[in-house]
Structure formats: structure tokens, C-alpha cells
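Treat the numbers as computed from the prediction; the structure is a model and nothing was measured. First the proteins, then the strands, lettered A, B, ... as listed; each starts at 1.
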Amino acid sequence: DAGVTQSPTHLIKTRGQQVTLRCSPISGHKSVSWYQQVLGQGPQFIFQYYEKEERGRGNFPDRFSARQFPNYSSELNVNALLLGDSALYLCASSLEAGNTEAFFGQGTRLTVV
Amino acid sequence: KQEVTQIPAALSVPEGENLVLNCSFTDSAIYNLQWFRQDPGKGLTSLLLIQSSQREQTSGRLNASLDKSSGRSTLYIAASQPGDSATYLCAVPSPSYGKLTFGQGTILTVHP
């Protein structure tokens, strides 16, 4: 079985642009969460989606949005990019919304110049 | 608000040593705790998940313990190898949904 897949693996964008990151969860997993990890820190929670509904949102500005599709894949959108948005964006997949093991993808490295 | 702390921030050991990584959390109302490994620039690999009803969980040379009452978990690595070099992260879920709160990680270097 394939693990969690994220695309693209690397991305370079200019300040002010918009970006869309994609995630496909493990087959059978209904929950997808997004995290931002800047260098030297632990991942910070951005969103969780379960059964196509938002279940949780972290302390991120409204420039960040996400959605989950009927096949449980997910997209993370970031508008009006800032230099500080440069980070590794991680997607996590789990069977249910809470208290089950989380499995992460390889991440998308976003660089904003 | 849950806070997770990992000590030490970095650790360098010779090959073959047994070592302990520490993780503490402020809110003991957790359902489980998960340990991850992260290689530079890569995603997270799940190592062990300990349910709140368990005290220990083992996988190969790894052993994780959990003491909810004191808000602590340890990851024990036996007979360390250079391939164990990575950042190790612990994380706990929020009570209401799957948000994970991570520690800052311990950077482990095992030299030959």
C-alpha cells in the first residue's frame, strides 16, 4: 500500500503569489491534517479535515485555507505569500479524527523569494 | 494549552551506546503519545505509539515508556548505530480532535 503522498516535493514562489499543495492519504484513512515546520522547530498544526469537514484550525492567518475531497485527498492553499511562509509543509493521514496513529508524507518544501 | 518539551536538544554519542531521550508534557489528559523520527529535509516516520493505558511499547531496539501522572515519556535506544542519526520528535494529540502538539525535537548524532 502506498503511504501518504504529497506534491510537489519542492516549490519556489515569489512574494504575493498563491500556492496550492496537495496530499493523498493512506487508502482507507478519512482524516488529513496539515502542519508547517520551519527550520529547527517542531511541526505546527494548521488544519485538520475529517469526512470533508474542517475539524480543527491552528493559529494561522486567513491567507491559509484547505479543503478535503470526496476521495479524502486534500489541498492546502496559501494566498499572498510572505517570506515567512517559507517552510516544510507536512500532511498527516489517520484513520479517524482523533487519538489514532498519524502517518506523515515526505513534505513539500516551499521557498518564498 | 498543551506544551511539549524535549530534552536534550542535541546529543552526540559513539556507536554502540544505549541512550535515553526525554519528552515532557504539561496536560496529562492525553489518550496517547507518539514518537517520530525525521531525517534532514524529510517527512516524519512514526516509530512508536503508546496508548495512555500502556506504560511501555517496544519495537526492535526502541523502547518507549509513558508516565501520564508525571507528564513524561522516554525513548530508549539500545546499541545505537550511525544510521540512528536523525531528529526525534514526540507528539501528543488534543483531547477533542487529532491536532498533534510537538516538542522541538532532539537531534541525535551517532558517530562511528
Side-chain angles (χ1 to χ4, degrees), chain A residues 3-7 9-10 21 23 25-26 29-51 53-60 68 74 86-111, chain B residues 1-10 21-25 27 29-54 57 59 64 66 68 73 86-107:
Chain A
V4 181
T5 57
Q6 292 186 242
S7 63
T9 55
H10 296 86
L21 310 181
C23 173
I26 293 170
H29 285 198
K30 300 177 182 178
S31 172
V32 170
S33 298
W34 289 95
Y35 292 81
Q36 180 195 66
Q37 186 180 28
V38 298
L39 200 61
Q41 296 186 19
Q44 297 293 314
F45 174 78
I46 309 175
F47 286 109
Q48 184 194 32
Y49 276 78
Y50 176 71
E51 291 280 18
E53 292 190 1
E54 182 183 304
R55 293 294 298 269
R57 172 185 286 254
N59 188 25
F60 280 81
Q68 187 177 32
S74 177
S86 296
L88 182 67
Y89 288 84
L90 296 162
C91 172
S93 157
S94 56
L95 271 172
E96 301 294 335
N99 307 317
T100 58
E101 191 170 3
F103 297 87
F104 282 78
Q106 80 282 10
T108 293
R109 170 68 63 186
L110 173 64
T111 303
Chain B
K1 176 188 171 185
Q2 179 74 271
E3 293 183 2
V4 180
T5 303
Q6 292 188 244
I7 295 173
L21 308 181
N22 297 291
C23 171
S24 62
F25 44 93
D27 185 350
I30 62 170
Y31 289 96
N32 60 56
L33 183 144
Q34 202 165 350
W35 281 94
F36 296 90
R37 168 187 171 135
Q38 185 174 34
D39 294 302
K42 304 295 185 183
L44 278 61
T45 300
S46 179
L47 297 175
L48 290 164
L49 174 77
I50 315 179
Q51 300 292 350
S52 60
S53 58
Q54 297 176 302
Q57 186 72 265
S59 176
L66 176 62
K68 274 186 59 175
S73 176
T87 298
Y88 290 81
L89 295 148
C90 65
V92 294
S94 69
S96 54
Y97 58 101
K99 167 191 173 182
L100 291 175
T101 300
F102 284 85
Q104 299 280 70
T106 294
I107 301 172

Go through the atoms of [X] and report whether side chain, backbone, both or neither lie under 4.5 Å from a heavy atom of chain B.
X: A:R55; value: both
X: A:Y50; value: neither
X: A:Q48; value: side chain
X: A:Q37; value: side chain
X: A:T9; value: neither

More than 12 heavy atoms of other residues, nucleotides or ligands under 6.0 Å from CZ of A:F60: yes or no?
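Count over threshold, so yes.
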Does anything in residues 30-42 of chain B pair up under salt bridge (Lys or Arg N to Asp or Glu O under 4.0 Å), and if so which pairs, sequence neighbours excluded?
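Salt bridge (Lys or Arg N to Asp or Glu O under 4.0 Å) check on residues 30-42 of chain B returns B:R37-B:D39.
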Once salt bridge (Lys or Arg N to Asp or Glu O under 4.0 Å) is applied, what residue pairs with a partner in residues 32-42 of chain A remain, sequence neighbours excluded?
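Not a single pair qualifies under salt bridge (Lys or Arg N to Asp or Glu O under 4.0 Å).
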Pick from [options] with the largest number of heavy-atom pairs that fall under 4.5 Å of chain B:
options: A:A102, A:G105, A:G40, A:A92; result: A:A102
options: A:P43, A:G58, A:S94; result: A:P43
options: A:E96, A:Q44, A:E101; result: A:E101

Just say parallel, tilted or perpendicular for the rings of B:F36 and B:F102, cut-offs at 30° and 60°.
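Tilted: the ring planes of B:F36 and B:F102 meet at 30° to 60°.
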Counting only heavy atoms closer than 4.5 Å, note whether [X] contacts chain A via side chain, backbone, both or neither.
X: B:L100; answer: both
X: B:T45; answer: neither
X: B:Q104; answer: both
X: B:Q6; answer: neither

When you check the side-chain N and O atoms of B:S46 and B:Q34, is any donor under 3.5 Å from an acceptor?
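The answer is yes; a qualifying pair exists.
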Please check this pair: side chain of B:Q2 against backbone of B:D27, looking for a donor-acceptor N/O pair closer than 3.5 Å.
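Yes.
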A:Q6 (side chain) donor-acceptor with A:C91 (main chain) under 3.5 angstrom
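At least one qualifying donor-acceptor pair exists.
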Quick one, B:S94 and B:T101 - any side-chain contact, counting heavy atoms below 4.5 Å?
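Side chain of B:S94 against side chain of B:T101, heavy atoms only: no contact under 4.5 Å found.
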